[in-house]
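Just below is one structure, and these are the notes that go with it.
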Amino acid sequence: MSSPVLVAVAWPYASGSRHLGHVSGAYLPADVFARHQRLAGNDVLMVSGSDVHGTPITVRADDEGVTAQDIADRYHNEFLRQWEALGISWDNYTTTGTAHHARVTQGMFLEQLRNGHIDKRTSEQFFDPDAERFLPDRYIEGTCPHCSYEDARGDQCDNCGRTLDPTDLIEPRSKLSQATPVLRETEHFYFRYSDFTDEISAYLGDKSDWRPHVLNFVRSWVDEEGLLDRAITRDLDWGVELPVDDLGPGKRIYVWYDAVIGYLSASQEWASNTDDADHWRNWWYNPDSRHVYFIGKDNIPFHCLFWPAQLLSYDREIHLPDDVPANQYVTFKGGKASASRGIGLTIDQGLELFQVDGLRYALAASLPEQADTDISVEEIARRINEELVATWGNLVNRVLSMVNKNFGEQPSVDGRTAEDEALLAAVDTALVAANDHITKVELRAGLRAAMDAAQAVNAYLNATEPWKVVKDDKERGGVLLGTALDAINGARVAFAPYLPFSAMALDEVLGPVTAWERVPVPVGTPIAKPTPLFTKVDVDALLADDDTD
RNA sequence: GGCGACGUAGCUCAGUUGGUGAGAGCGCUCGACUCAUAAUCGAGAGGUCGACAGUUCGAAUCUGUCCGUCGCUACCA
């Protein structure tokens with residue numbers, strides 16, 4: 001009955017503030033799924049952490065005249081604060097900067113070196129003689145050979161859109177120092193991903209239940225070109241240190257090789273803080289466990305191709321990803337959200353403008369599960385006001401108010417009619433539907449099922465008119481209102497994964513939700529005069545002093 | 001350039017392996033109700049499913065071409 005579920009969530013990059021697109025892409029869906037799985041009785045381990053390595057962090061640190069550690073700490077702390085505010089229910093949220101993570105990464109590296117899936121190769125790369133370091137492609141600028149645009153990057157020309165190699169650029173210059181980069185030999189370790197092309201192809205072969213856009217993408221990648229070997233070290237002094245000294249100083253493990261290992265190291269770190277330090281094995285070496293990875297579509301190759309290959313090369317017995325329900329992008333009025341380009345809202349801006357559960361509702365109702373989904377400040381406000389507040393918030397308030405005014409407690413519901421039973425059956429049906437949808441990570445549909453339950457209760461109230469009945473027949477009025485309250489008690493289970501903060505407010509009145517089922521409200525439960533779960537957004541005021549839409 | 005996705009009611013989106021008259025939410029119109037955060041409930045209007053051609057007894061669903069939007073392209077993560 002109870003089975004282990006690993007909820008593995010993309011590691012946010014601690015190089016800058018994240019935006020609402022990241023929340024929609026990974027953190028919110030992961031949290032909804034994890035909360036549901038816990039209520040469904042499964043053993044959930046939900047892990048992630050800040051990815052604190054990589055070049056963008058060191059470049060930003062240089063720009064600001066601070067250390068890379070300062071940048072990593074700043075954004076890691078920002079993320080921690082935001083997860084708390086958003087109600088993301090981690091079991092362990094750590095970073096790739098821990099000594100433990102370095103040990104796990106080095107252990108995996110050594111095992112793969114030993115069994116021949118990592119080897120050493122020499123290549124030529126551009127080197128900045130002034131900054132005294134090797135340059136990633138995108139830190140080299142120059143004139144585009146195709147369109148003569150003067151500020152083309154080494155990886156791509158922003159003017160004509162063509163993909164470039166840094167050696168294509170006319171008059172290349174370093175973005176760091178403006179110096180002319182020179183080609184210099186450098187030695188790196190390579191992971192032999194090509195060794196795993198066939199196995200990964202076979203692994204993907206039985207994933208027909210994956211989202212089509214995910215499966216199409218990785219299958220065509222593997223089938224057409226196969227996997228290519230990739231350098232997994234970089235000329236940097238910021239990152240996980242190499243466990244061997246073959247390359248000399250100034251080389252570190254590449255951020256992407258180590259970031260995905262975080263799923264394993266964070267699971268172990270979690271277990272080490274419990275009574276059973278080996279408990280992580282319940283998820284990683286258990287054929288009955290299920291691993292679900294929540295990521296944006298930009299991370300698909302790393303999670304569906306490279307990470308499984310790394311795991312296979314490390315240990316044949318270790319658990320591979322079971323599902324990677326990657327989300328597409330949220331766009332803001334047609335443009336891809338980007339904090340650096342000022343498109344869309346940062347997490348802090350979203351939290352400032354909206355009540356948390358309202359924001360969670362609006363984002364969950366618009367998750368880009370199948371295709372890019374367009375949202376805006378007005379759209380979020382509309383979802384909150386016209387859907388969440390009007391249908392669910394108002395329903396809770398109207399029923400609690402009537403029960404409070406007429407009885408002050410949950411009345412007796414003896415003598416229910418077929419009409420009353422039909423309502424409860426409708427709620428139970430909605431709970432089953434929501435359970436099915438969320439299990440399959442169809443979270444928009446799951447939320448819709450919850451709303452269906454709420455609308456069924458509203459329709460029941462309009463049909464039975466308890467506010468009239470209670471005047472002439474208090475006993476029948478009590479049955480109607482008690483039934484409505486029982487129905488709400490069921491509907492709130494379906495809403496609980498999406499709206500954890502208002503769920504807690506209801507917990508104080510109706511008791512905690514402990515399982516995915518409708519539980520009758522005990523007769524005599526005191527019902528005080530309610531305060532609304534949510535408040536409406538003042539759209540005009542919002543747009544008047546907001547220029548970020 | 002290559003690869004991929006998308007283009008369905010005013011808006012945001014669903015439409016399993018092609019099959020009775022094309023859907024949801026919101027908005028809009030009309031009606032009901034007035035317990036509730038001017039909330040709710042019911043009914044209705046509204047679409048030649050981007051364009052063109054083809055396959056088929058039958059296509060939003062398959063094929064081709066075109067138009068438009070977007071993403072990826074392995075050293076951004």
Side-chain angles (χ1 to χ4, degrees), chain A residues 10-16 51 53-57 59 123 125-126 134-140 146 153-156 160-163 165-166 188 193 212-213 216-217 220-221 224-225 227-231 234-235 254-256 259 296-302 305-306 328-329 331 334-336 340 362 365-376 378-379 382-383 385-387 389-391 393-403 405-406 442 444-445 447-448 451-452 454-455 457-463 465-470 477 481 484 530-536:
Chain A
W11 291 56
Y13 197 45
S15 63
D51 179 355
H53 296 139
T55 329
I57 288 177
V59 169
S123 63
Q125 265 178 35
F126 275 115
F134 285 92
L135 297 166
D137 289 355
R138 67 159 33 191
Y139 292 102
I140 301 165
H146 303 287
R153 297 197 315 260
D155 54 348
Q156 186 177 41
C160 67
R162 285 190 172 82
T163 303
D165 188 275
H188 282 291
Y193 289 102
H213 77 269
N216 287 345
F217 184 65
S220 64
W221 184 310
E224 284 170 26
E225 292 191 66
L227 298 181
L228 303 183
D229 300 339
R230 292 159 54 97
R234 289 290 184 278
D235 295 285
Y254 172 47
V255 57
W256 250 116
K297 65 177 167 184
D298 49 341
N299 284 344
I300 287 171
F302 294 97
L305 304 173
F306 303 150
Q328 309 250 17
Y329 289 141
T331 59
K336 180 191 170 190
S340 58
S366 310
L367 289 177
E369 294 177 333
Q370 305 297 337
D372 291 354
T373 298
D374 202 53
I375 63 171
S376 62
E378 299 95 307
E379 174 74 1
R382 202 223 86 217
R383 291 270 193 194
N385 289 347
E386 308 297 339
E387 297 179 12
V389 176
T391 303
N394 180 62
L395 170 66
V396 172
N397 204 47
R398 81 192 282 208
V399 172
L400 289 180
S401 291
M402 279 191 280
V403 173
K405 199 179 301 176
N406 292 292
E442 296 167 356
R444 282 164 63 135
L447 184 52
R448 188 61 239 160
M451 288 295 275
D452 287 344
Q455 291 192 321
V457 187
N458 273 321
Y460 169 84
L461 291 172
N462 280 49
E465 302 184 313
W467 55 91
K468 283 183 185 170
V469 174
V470 77
L481 289 175
T531 51
L533 291 178
F534 320 101
T535 49
K536 283 208 170 189

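A, B, ... follow the sequence lines: proteins, then strands. Residue 1 opens every chain.
- Positionally, the nearest nucleotide of RNA chain B for A/R448 lies more toward the 5' end than for the other of A/R448 and A/N299.
- Residue contacts shown for A/N406 are absent, as no nucleic acid heavy atom lies under 4.0 Å away.
- Across B/rU16 and B/rU69, the matching C1' atoms stand 27 Å from one another, rounded to whole Å.
- Between A/Y254 and B/rA77 there is a side-chain N or O to OP1 or OP2 distance below 4.0 Å.
- Rounded to whole Å, the C1' atom of B/rG1 lies 33 Å from the corresponding atom of B/rA59.
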Nucleotide N/O to protein N/O under 3.5 Å, stretch nucleotides 43-45 of chain B:
none

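- One can place CD1 of A/I300 at 11 Å from P of B/rU73, the figure rounded to the nearest angstrom.
- Between A/F126 and A/D137 the shortest side-chain heavy-atom distance does not fall below 4.5 Å.
- Among the atoms of the strands shown, base atoms are found under 4.0 Å from some heavy atom of A/Q125.
- Of the possible polar contacts, one joining the A/D372 side chain to the A/Y329 backbone as a donor-acceptor pair under 3.5 Å is found.
- Among B/rC70, B/rA74, B/rA77, the nucleotide with an atom closest to any side-chain atom of A/W221 is B/rA74.
- Closest to the A/F302 side chain, of the nucleotides B/rA77, B/rC26, B/rC13, is B/rA77.
- Across all strands, A/S15 comes closer than 4.0 Å to no nucleic acid atom at all (heavy-atom distances).
- Remark: the backbone N or O of A/T391 is paired with a side-chain donor or acceptor of A/N458 at under 3.5 angstrom.
- Here the separation of B/rU8 from B/rG68, taken at their C1' atoms, is 16 Å to the nearest Å.
- Atoms NZ (A/K297) and C1' (B/rC3) sit 13 Å apart, rounded to a whole Å.
- For the pair A/L305 CG and B/rA77 P, the interatomic distance rounds to 18 Å; values are reported in whole Å.
- In this structure, the side chain of A/T373 engages the main chain of A/A371 through a donor-acceptor pair within 3.5 Å.
- When all heavy atoms of A/H213 and A/Q328 are compared, the closest pair comes out as CG-NE2, 3.1 Å.
- In this structure, A/F306 places its CZ atom 12 Å from C1' of B/rC72, rounding to the nearest Å.
- In secondary-structure terms, RNA chain B builds stems of at least 3 consecutive Watson-Crick or G-U pairs, each pair having both distances under 3.5 Å, at B:1-7 with B:67-73, B:10-13 with B:23-26, B:28-32 with B:40-44, B:50-54 with B:62-66.
- Under the side-chain contact (heavy atoms from CB on, under 4.5 Å) criterion, A/Q125 pairs with A/S123, A/F134, A/T186, A/H188, A/D235, sequence neighbours left out.
- Each of A/Y254, A/Y193, A/W256 was evaluated against A/F306; a single residue qualifies, A/Y193, per the ring pair (Phe, Tyr, Trp, His ring centres under 6.0 Å) test.
- The NE2-P distance, from A/H213 to B/rG7, rounds to 14 Å in whole Å.
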Q) For every nucleotide of nucleotides 33-42 of chain B, 5' to 3': is a protein heavy atom under 4.0 Å from its base (B), only from its sugar-phosphate (S), or from neither (-)? A) SSBBB-SBB-
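- A/R234 and A/A231 make their closest contact through NH1-O, 3.3 Å (heavy atoms, listed as atom of the first residue, atom of the second, distance).
- Taking each heavy atom of A/I140 and A/P166 in turn, the nearest pair found is CD1-CB, 3.9 Å.
- Taking the C1' atom of each, B/rG46 and B/rU29 are spaced 11 Å apart, rounded to whole Å.
- Between B/rA60 and B/rG19, the distance separating the two P atoms is 10 Å to the nearest Å.
- In terms of phosphate contacts, A/R230 brings a side-chain nitrogen or oxygen within less than 4.0 Å of OP1 or OP2 of B/rC75.
- A gap of 13 Å separates the P atoms of B/rC66 and B/rC3, to the nearest Å.
- Residue A/L367 contributes atom CG, which lies 17 Å from atom P of B/rU12 at whole-angstrom precision.
- Checked against B/rA14, B/rA77, B/rC72, the side chain of A/Y13 finds its nearest nucleotide in B/rA77.
- For B/rG44 and B/rC26, the P atoms lie 16 Å apart once the distance is rounded to whole Å.
- The CG atom of A/L305 sits 8.0 Å away from atom CZ of A/F217, with the distance rounded to the nearest 0.5 Å.
- With A/N406 contributing its side chain and A/M402 its backbone, the two residues share a donor-acceptor pair below 3.5 Å.
- Rounding to whole angstrom units, CG of residue A/D137 and C1' of B/rU73 are separated by 13 Å.
- Scanning for ring pair (Phe, Tyr, Trp, His ring centres under 6.0 Å) contacts around A/Y460 gives an empty result, with sequence neighbours left out.
- Between A/W467 and A/K405, the closest side-chain pair of non-hydrogen atoms is not below 4.5 Å.
- Under the side-chain contact (heavy atoms from CB on, under 4.5 Å) criterion, A/E387 pairs with A/Y361, A/R382, A/R383, A/M451, not counting sequence neighbours.
- Separating the OH atom of A/Y139 from the C1' atom of B/rA77 is a distance of 10 Å, rounded to the nearest angstrom.
- Distance check on atom P: B/rC52 versus B/rA5 gives 23 Å, rounded to whole Å.
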